[in-house]
**Q** 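I'd like to ask you about the structure that follows.
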Amino acid sequence: QLHQAFSVFVFRQGAHGWELLIQQRSENKPLFATKWANTCCSHPRRGESMDVATRRRLRDELNIEANLEFVYKFQYQADFGDAGSENELCHVFVGRVKSEVKPNKHEISAIRFVSRDELDSELESSPERFTPWFKLEWHALNKTFASRIAKYSGTRPRIS
């Protein structure tokens, strides 16, 4: 059944420029355990606004707060065999963080900050290490919405 979801991409100013916070999903996740994904993703609770839901999950998963901006939404479907399937209307948000990140070990196996070039290289060389929605969203953010995320990522749109 089609349901609401969200994905959050949070950037910080690092020693070598702007970096994206990505997470490795916990091995306890029923879908895509141990795969690398965007900063945070989840579903709003019944009657909960996206603003409240995104803030709640950033606190629950990473113990951070960030001002977020809605960028776009898309429908995502994927079959996971015996584990089930996804059919989501996913809202994508971007923002910045300045505070220390303290991941919830029940939700996240690892975190790291990566530059745009590092991430693009890893996605090209080892796409199987990443969740399918993350690959779709990162591609759209860089191609279709690059000018919208430039103020968060500190990057300019690439000409392809």
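The basis for the numbers below is simple: all heavy atoms, side chains too, and nothing from hydrogens, waters or symmetry mates. Sequence positions, counted from 1, serve as the residue numbers for this chain. Everything quoted here is computed from the prediction, not taken from an experiment.
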**Q** What's in the same ILVMFWY side-chain cluster as Leu62, cut-off under 4.5 Å, chained through other members?
**A**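 Its cluster partners, ordered by chain and number, are Phe6, Val8, Val10, Leu21, Met50, Leu58, Ile64, Leu68, Phe70, Phe93, Val97, Val101, Ile108, Ile111, Phe113.
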
**Q** So Leu136 and Tyr76, do their side chains get closer than 4.5 Å, heavy atoms only?
**A**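 In short, these two side chains touch, coming nearer than 4.5 Å.
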
**Q** Is any side-chain heavy atom of Arg25 closer than 4.5 Å to one of Cys41?
**A**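 Sidechains of Arg25 and Cys41: in contact.
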
**Q** Measure across Ser26 and Ser109 and return the closest heavy-atom pair with its distance rounded to 0.1 Å.
**A**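 In this case the closest contact between Ser26 and Ser109 is CA-OG, 3.3 Å.
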
**Q** Within the side chain of Glu88, is there an N or O that forms a donor-acceptor pair under 3.5 Å with the backbone of Gln4?
**A**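 Absent.
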
**Q** Going by the rule salt bridge (Lys or Arg N to Asp or Glu O under 4.0 Å), which residues pair with Glu107 if we only count those two or more places apart in sequence or in a different chain?
**A**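 Applying salt bridge (Lys or Arg N to Asp or Glu O under 4.0 Å) to Glu107 gives Lys29, Arg57.
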
**Q** Just how far is it from atom CG of Leu123 to atom NE2 of His139, taken to the nearest 0.5 Å?
**A**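 Rounded to the nearest 0.5 Å, the CG-NE2 separation comes to 11.5 Å.
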
**Q** Side-chain contact, heavy-atom cut-off 4.5 Å: Asp120 with Trp138?
**A**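 With C-beta onward as the side chain, the pair touches.
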
**Q** First locate atom OG of Ser42, then atom CD of Glu61, and finally report the distance between them rounded to the nearest 0.5 Å.
**A**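 If I round to the nearest 0.5 Å, the distance is 6.5 Å.
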
**Q** Between Phe11 and Phe9, does the ring centre distance come in under 6.0 Å?
**A**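 They do not qualify: ring centres at least 6.0 Å apart.
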
**Q** Looking at residues at least two apart in the chain, or sitting in another chain, which of them share a salt bridge (Lys or Arg N to Asp or Glu O under 4.0 Å) with Glu118?
**A**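 Scan of Glu118 (salt bridge (Lys or Arg N to Asp or Glu O under 4.0 Å), adjacent residues dropped) gives none.
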
**Q** Going through the checks in order, is the side-chain contact (heavy atoms from CB on, under 4.5 Å) test met by Gln24 and Lys35?
**A** CA-CA 5 Å; Gln24 185 179 34; Lys35 300 289 184 186; over 6 Å; no

**Q** For the NE2 atom on His3, are there more than 12 heavy atoms of other groups (residues, nucleotides or ligands in this structure) within a distance under 6.0 Å?
**A**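 Result for NE2/His3: enclosed.
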
**Q** Does any N or O in the side chain of Ser125 come within less than 3.5 Å of the main-chain N or O of Ser121, such that one atom is a donor and the other an acceptor?
**A**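 Between the backbone of Ser121 and the side chain of Ser125 there is a qualifying donor-acceptor contact (under 3.5 Å).
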
**Q** Hey, can you tell me if Trp133 and Phe32 have their rings parallel, tilted or perpendicular (30° and 60° cut-offs)?
**A**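 Rings of Trp133 and Phe32: perpendicular, as their planes differ by over 60°.
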
**Q** In chain order, what residues pass the salt bridge (Lys or Arg N to Asp or Glu O under 4.0 Å) check against Arg59, with sequence neighbours excluded?
**A**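 In terms of salt bridge (Lys or Arg N to Asp or Glu O under 4.0 Å), with neighbours along the sequence ignored, Arg59 is linked to no residue.
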
**Q** Can you tell if the side chain of Glu65 reaches within under 4.5 Å of the side chain of Ser99, non-hydrogen atoms only?
**A**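 Counting from C-beta outward, Glu65 and Ser99 never come under 4.5 Å.
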
**Q** Using a cut-off of 6.0 Å, state whether more than 12 heavy atoms not belonging to Lys73 lie near its atom NZ.
**A**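 Atom NZ in Lys73 is not crowded, with 12 or fewer foreign heavy atoms closer than 6.0 Å.
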
**Q** List the atom of Phe134, the atom of Ile22, and the distance in Å for their closest heavy-atom pair.
**A**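 Looking at all heavy atoms of both residues, the shortest contact is CZ-CG2, 3.9 Å.
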
**Q** Ignoring hydrogens and angles, state whether a donor on the side chain of Tyr152 or Glu69 is under 3.5 Å from an acceptor on the partner side chain.
**A**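 Note: Tyr152 and Glu69 side chains meet the donor-acceptor criterion.
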
**Q** Any chance you could pull the hydrophobic cluster mates of Leu2, using side-chain heavy atoms under 4.5 angstrom and chaining through other members?
**A**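 Traced through the cluster, Leu2 reaches Leu89.
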
**Q** Without swapping roles, check the side chain of Lys98 against the backbone of Arg12 for a donor-acceptor pair under 3.5 Å.
**A**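 Not at all, since once roles are kept as given, no pair shorter than 3.5 Å links the two residues.
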
**Q** So, Ser115 and Glu19: side-chain donor and acceptor under 3.5 Å apart, yes or no?
**A**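 No, because no side-chain N or O of Ser115 sits under 3.5 Å from a partner of the opposite role on Glu19.
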
**Q** Determine, step by step, whether Gln13 and Trp18 satisfy the side-chain contact (heavy atoms from CB on, under 4.5 Å) criterion, reporting the C-alpha distance in whole Å, the side-chain angles of both residues, the deciding distance to 0.1 Å, and the verdict.
**A** CA-CA 5 Å; Gln13 177 67 52; Trp18 288 99; 3.1 Å; yes

**Q** Before you tell me yes or no, could you show the steps for Glu27 and Thr34 under side-chain hydrogen bond (donor to acceptor under 3.5 Å, both in side chains), namely the whole-Å CA-CA distance, both residues' side-chain angles and the distance that decides it to 0.1 Å?
**A** CA-CA 5 Å; Glu27 66 251 0; Thr34 71; over 6 Å; no

**Q** Begin from the C-alpha positions of Lys143 and Glu137 and carry the test salt bridge (Lys or Arg N to Asp or Glu O under 4.0 Å) through to its verdict.
**A** CA-CA 10 Å; Lys143 300 298 181 193; Glu137 293 164 352; over 6 Å; no

**Q** Tell me, with the steps shown, if Gln75 and Asn87 meet side-chain hydrogen bond (donor to acceptor under 3.5 Å, both in side chains).
**A** CA-CA 7 Å; Gln75 189 169 343; Asn87 186 12; 3.1 Å; yes

**Q** Does anything in residues 41-51 pair up under salt bridge (Lys or Arg N to Asp or Glu O under 4.0 Å), and if so which pairs, sequence neighbours excluded?
**A**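 Pairs touching residues 41-51 that pass the test: Glu48-Arg56, Asp51-Arg55.
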
**Q** Ignoring hydrogens and geometry beyond distance, is a side-chain donor-acceptor pair present between Trp36 and Gln23 at under 3.5 Å?
**A**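 Checked: Trp36/Gln23 side chains show no N/O donor-acceptor pair below 3.5 Å.
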
**Q** Looking at Glu128, is its backbone amide N or carbonyl O close enough to the side chain of Ser126 to form a donor-acceptor pair, meaning the two atoms are under 3.5 Å apart?
**A**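 Here the side-chain-to-backbone pair does not exist.
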
**Q** Given side chains that start at C-beta, do those of Leu119 and Leu20 come closer than 4.5 Å, heavy atoms only?
**A**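 Yes, close enough: below the 4.5 Å cut-off.
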
**Q** With side chains defined as the heavy atoms from C-beta onward, is the minimum distance between Tyr72 and Arg148 less than 4.5 Å?
**A**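 Heavy-atom side-chain distance check fails, nothing below 4.5 Å.
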
